[in-house]
Amino acid sequence: MSTFQAPKGTFDLIPPDSAVYLAVREAMSAGARRAGYGYVETPAFESTALFKRGVGESSDIVTKEMYTFTTRGDVSLTLRPEGTASVVRAVLQHNLDKGALPVKLCYSGSYYRYEQPQKGRYRHFSQVGAEALGVEDPLLDVELITLAVDAFKDLGLRQVRLLLNTLGDKECRPVYRAALQEFLRGLDLDEATRARIEINPLRVLDDKRPEVQAQLADAPALPDFLCDACKAYHEEVRTLLSIGGVAFEDDPKLVRGLDYYTRTTFEFVHDGLGAQSAIGGGGRYDGLSEELGGPPLPSVGWALGVDRTVLALEAEGVADVAPDTRRVQVFAVPMGEAARHLLFGLVLDLRRAGVDADFAFGGKGLKGAMKAADRSGARYALVAGERDLAADVVQLKDLVSGEQIPVALDEIIPTIKEKLS
Ligand code: HAM
C-alpha cells in the first residue's frame with residue numbers, strides 16, 4: 001500500500017475487470033459505427049461558459065456538480081460533466097453543420113461530476129454517447145433508441161426498461177411551465193423546493209419524497225399542453241418504436257437533469273441497481289446550437305453509462321462478456337541463458353505469426369516458471385534447456401493433458417499454429 005489512494009468517488013480499473021469495461025464500451029459503440037456514426041473526441045475540459053449555457057444554469061449539474069478551475073491565464077475551465085455540449089461546440093467550430101446532414105457522431109470517454117458518491121454514482125465515470133445533428137426526423141430518434149436497446153441486448157441484459165416522454169418545444173413548454181408554477185406555488189413545500197419552482201419547476205415533479213409526491217397528484221400534466229406539432233411528432237416516435245418492435249413505457253413524469261431537452265426524452269433503467277437505476281438517457285435538443293450561438297440545428301442523442309451497465313451485468317449474473325486479455329495461448333519456459341535467448345526470439349516470432357505468447361521473465365527457476373505458465377491460461381508451454389538446444393529441438397508441453405513432445409526448431413511455429421487451429 002502506498003500513502004496515496006484514488007480520490008473519493010473514483011476508482012481504478014484493473015485486470016480482469018477492466019476487460020469487461022472495454023467490452024461494454026465496444027458493444028455500446030459498435031452498432032452506432034455500423035449505422036454511420038463517426039468517432040469524435042473532444043477535450044476533457046472546456047470553457048466553463050459552454051456548460052453553463054449548454055447544460056443550463058438551473059440544472060443541478062451546473063449549480064452543484066461542476067469541477068471548475070481558473071488557469072494561470074485567468075481563464076475559467078470546467079472538466080466536462082457530459083458530452084453533448086462539447087459535441088455541438090465541435091460541430092459548429094468545424095462547420096460540420098454546413099456539410100451533409102445529419103452529422104452522426106459517437107464518442108466514449110470520462111466525465112466528471114461532483115456528486116455524493118454511492119454505488120453506481122461516481123465523481124469520475126465513463127459514458128459512450130451518440131448524437132445525430134441537424135435533422136428533425138422522428139426516424140432518427142427511433143434509430144438512436146434502437147441502437148441503445150440493441151447494444152444492451154447484445155451485452156446479454158434482459159431487465160432493461162425504456163421510459164419515454166416528450167417535453168414539448170419552445171412554443172408549448174413555456175405555457176406548461178407557467179401553469180405548473182402556478183399550481184406548485186399553492187402547495188406546502190420547503191424553502192429550497194419553493195426556490196426550485198421559480199428556476200426549474202419541472203424538476204419538482206421529479207422530487208422523490210412521498211410528502212411532495214402526495215401533493216403532485218393533480219399537477220398539470222405536460223401531455224395536456226403539447227402543441228399539435230409536438231403531439232404529432234411524439235405519436236410518430238411511438239408508432240415507429242412499435243413498428244421496430246421496441247418495447248417502451250410512457251412516463252409523463254420523466255424529467256431529465258439537463259436543461260437543453262425538447263420533445264423526445266428517454267431513459268434506460270435497470271431494476272437490479274437500486275437508487276442509481278438509469279443506465280443511459282438522452283433525447284432531442286433542438287435549441288442547443290442556437291443557445292451556443294450557432295444556427296438552428298435540431299438534434300437528438302444519448303449517452304449510456306458504462307459503470308452502471310457493468311453493475312447491471314453483475315446484477316443479472318451475465319458472465320463471459322469479455323475474454324481475459326491476460327490469457328495467452330503459449331508460454332515459454334527457458335532453462336539456462338542460451339535457452340532464454342532462443343525462446344525469447346521464438347516468442348517474438350510466434351506473436352508476429354498471430355499467436356498470443358508470453359515468457360517466464362525474470363529468470364525464475366523451473367518450478368516457478370511452470371507455475372507462471374499454468375497461471376497464464378496457456379494451452380501449451382515451450383520448454384528448452386541445454387540438451388534440447390544441442391539437439392535443435394524445443395519441448396512442446398500440452399498443459400491440459402501433460403503430454404510433452406520434442407519439436408524441431410523450424411517446425412515449432414507451424415506445429416503450434418496447427419494445434420491451435
Ligand atoms: P445523463 O443522463 O446525465 O445524460 O447521463 C447519461 C448516463 O450516464 C446516465 O444514465 C448514467 O448511466 C451515467 N451517469 C451519469 N452520471 C453518472 C455518475 N455520477 N456516475 C456514474 N454514472 C453516471 C447525459 O449526460 C446527456 N449528455 C445524454 C445525451 C446525449 N442527451 C443527448 N445526447
Side-chain angles (χ1 to χ4, degrees), residues 8-11 13 21 24-25 28 32 37 40 42 46 50-51 54-56 59-62 64-67 79-89 91 102-133 140-141 143-145 147-148 151-152 157 160-163 165 167 203 206 254-270 273-289 297-313:
K8 185 174 170 189
T10 73
F11 55 90
L13 277 180
Y21 274 69
V24 167
R25 287 187 191 127
M28 284 174 168
Y37 290 71
V40 62
T42 60
E46 297 265 3
L50 172 70
F51 298 120
V55 178
S59 66
D60 280 357
I61 294 179
V62 169
K64 301 190 220 156
E65 297 171 0
M66 296 214 298
Y67 281 94
L79 293 184
R80 58 184 181 190
E82 63 103 42
T84 310
S86 305
V87 168
V88 175
R89 196 261 314 132
V91 164
V103 182
K104 288 177 161 192
L105 297 170
C106 65
Y107 52 91
S108 171
S110 295
Y111 297 84
Y112 310 87
R113 296 183 193 175
Y114 191 80
E115 303 205 66
Q116 263 329 305
Q118 56 170 260
K119 190 168 182 197
R121 190 164 74 193
Y122 310 107
R123 291 181 172 175
H124 167 234
F125 59 96
S126 173
Q127 287 185 345
V128 169
E131 317 279 355
L133 303 102
L140 265 185
D141 306 35
E143 164 170 292
L144 276 156
I145 291 173
L147 285 172
F152 289 130
L157 288 175
V160 182
R161 288 185 296 129
L162 164 62
L163 308 181
N165 194 18
L167 293 179
R203 291 291 286 176
D206 218 15
L254 177 70
V255 182
R256 305 264 304 126
L258 305 98
D259 289 357
Y260 49 61
Y261 289 112
T262 51
R263 292 195 169 170
T264 314
T265 48
F266 50 88
E267 220 156 72
F268 300 97
V269 293
H270 192 277
L273 293 185
Q276 304 308 315
S277 61
I279 56 173
R284 275 215 152 256
Y285 47 96
D286 293 338
L288 179 54
S289 167
L297 203 63
S299 306
V300 56
W302 48 243
L304 311 182
V306 177
D307 314 80
R308 288 185 195 168
T309 300
V310 171
L311 291 175
L313 288 166

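For ligands, and for the atoms within them, numbers begin at 1 and follow the listed sequence.
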Shortest reach to atom 21 (C) of ligand 1 by a heavy atom, considering only Gly120, Ala85, Gly305, Ser299:
Gly120
Taking C-beta and beyond as the side chain, do Lys64 and Tyr114 meet within less than 4.5 Å on heavy atoms?
no
Atoms of ligand 1, numbered as shown, that sit under 4.0 Å from any heavy atom of Tyr261
26 (C), 28 (C), 29 (C), 31 (N), 32 (C)
Would you mind checking which non-hydrogen protein atom is closest to atom 12 (O) of ligand 1, with the distance to 0.1 Å?
Ala278 O, 2.9 Å
Just need the protein heavy atom nearest to atom 27 (N) of ligand 1, so name the residue and atom and give the distance.
Glu82 OE1, 2.6 Å
Atom 32 (C) of ligand 1 sits nearest the protein heavy atom Gly301 O, 3.3 Å
Please confirm whether Gln127 comes within less than 3.5 Å of ligand 1 when only nitrogen or oxygen atoms on both sides are compared.
yes
Report yes or no: does Arg123 contribute a side-chain atom to a donor-acceptor pair with the main-chain N or O of Glu115 at less than 3.5 Å?
yes
Minimum heavy-atom separation for Glu131 to Tyr285, with atom names?
OE1-OH, 2.7 Å
heavy-atom search around atom 3 (O) of ligand 1 in the protein gives Arg113 NH2, 2.9 Å
Would you check the N or O atoms of Phe125, main chain and side chain alike, for any that come under 3.5 Å of an N or O of ligand 1?
no
Select one of side chain, backbone, both or neither to describe which atoms of Glu267 lie under 4.0 Å from any atom of ligand 1, heavy atoms only.
neither
For a 4.5 angstrom cut-off between non-hydrogen side-chain atoms, does Val91 reach Val40?
no
Where does Tyr260 meet ligand 1, judged by heavy-atom distances below 4.0 Å: at the side chain, the backbone, both, or neither?
side chain
Could you tell me which non-hydrogen atom of Ala130 sits nearest to which non-hydrogen atom of Leu144, and how far apart they are?
CB-CD2, 3.7 Å
For ligand 1, is there an N or O atom under 3.5 Å from any N or O atom of Ile61?
no
Within ligand 1, which atoms have a heavy atom of Tyr285 less than 4.0 Å away?
32 (C), 33 (N)
Just distances here: any N/O of Glu115 and N/O of ligand 1 closer than 3.5 Å?
yes
With distance as the sole test, does Tyr67 use its side chain to make a donor-acceptor pair with the main-chain N or O of Glu65 at under 3.5 Å?
no
Are Arg25 and Ser126 side-chain neighbours, meaning at least one heavy-atom pair lies under 4.5 Å?
yes
Closest protein heavy atom (residue, atom, distance) for atom 4 (O) of ligand 1:
Arg256 NH2, 3.0 Å
Under 4.0 Å from any heavy atom of Ile279, which atoms of ligand 1 are there?
10 (O), 12 (O)
Tell me which part of Gln276 gets within contact of ligand 1: side chain, backbone, both or neither, using heavy atoms under 4.0 Å.
neither
Any nitrogen or oxygen of Asp307, side chain or backbone, less than 3.5 Å from one on ligand 1?
no
Check: Gln276 and Arg308 side chains under 4.5 Å, non-hydrogen atoms
yes
Should you measure from each heavy atom of Glu131, which atoms of ligand 1 turn up under 4.0 Å away?
30 (C), 32 (C), 33 (N)
Those atoms of ligand 1 less than 4.0 Å from some heavy atom in Gly280:
10 (O), 12 (O)
Taking the side chain as everything from C-beta on, heavy atoms only, tell me whether Tyr107 gets closer than 4.5 Å to Thr42.
no
Ligand 1 versus Arg121: contacting region, heavy-atom distance under 4.0 Å:
both
Whether Asp141 and Arg263 form a salt bridge (side-chain N of Lys/Arg under 4.0 Å from carboxylate O of Asp/Glu) is what I want to check.
no
For the backbone of Leu273 and the side chain of Ser277, can you confirm whether one donor and one acceptor N or O come within less than 3.5 Å of each other?
no
Just say parallel, tilted or perpendicular for the rings of Tyr111 and Phe125, cut-offs at 30° and 60°.
tilted
Flag Tyr122 as yes when one of its N or O atoms lies below 3.5 Å from any N or O atom of ligand 1, and as no otherwise.
yes
Contact summary for Leu167 and Thr265, nearest pair of heavy atoms
CD1-CG2, 3.5 Å
Shortest non-hydrogen pair, Tyr261 vs Leu258, comes out as CD1-O, 3.4 Å
Ligand 1 atoms in contact with Arg308 (distance to a heavy atom under 4.0 Å)
11 (C), 12 (O), 17 (C), 18 (C), 21 (C), 22 (N), 23 (C)
Could you tell me, atom by atom, which parts of ligand 1 come under 4.0 Å of a heavy atom of Trp302?
29 (C), 30 (C), 33 (N)
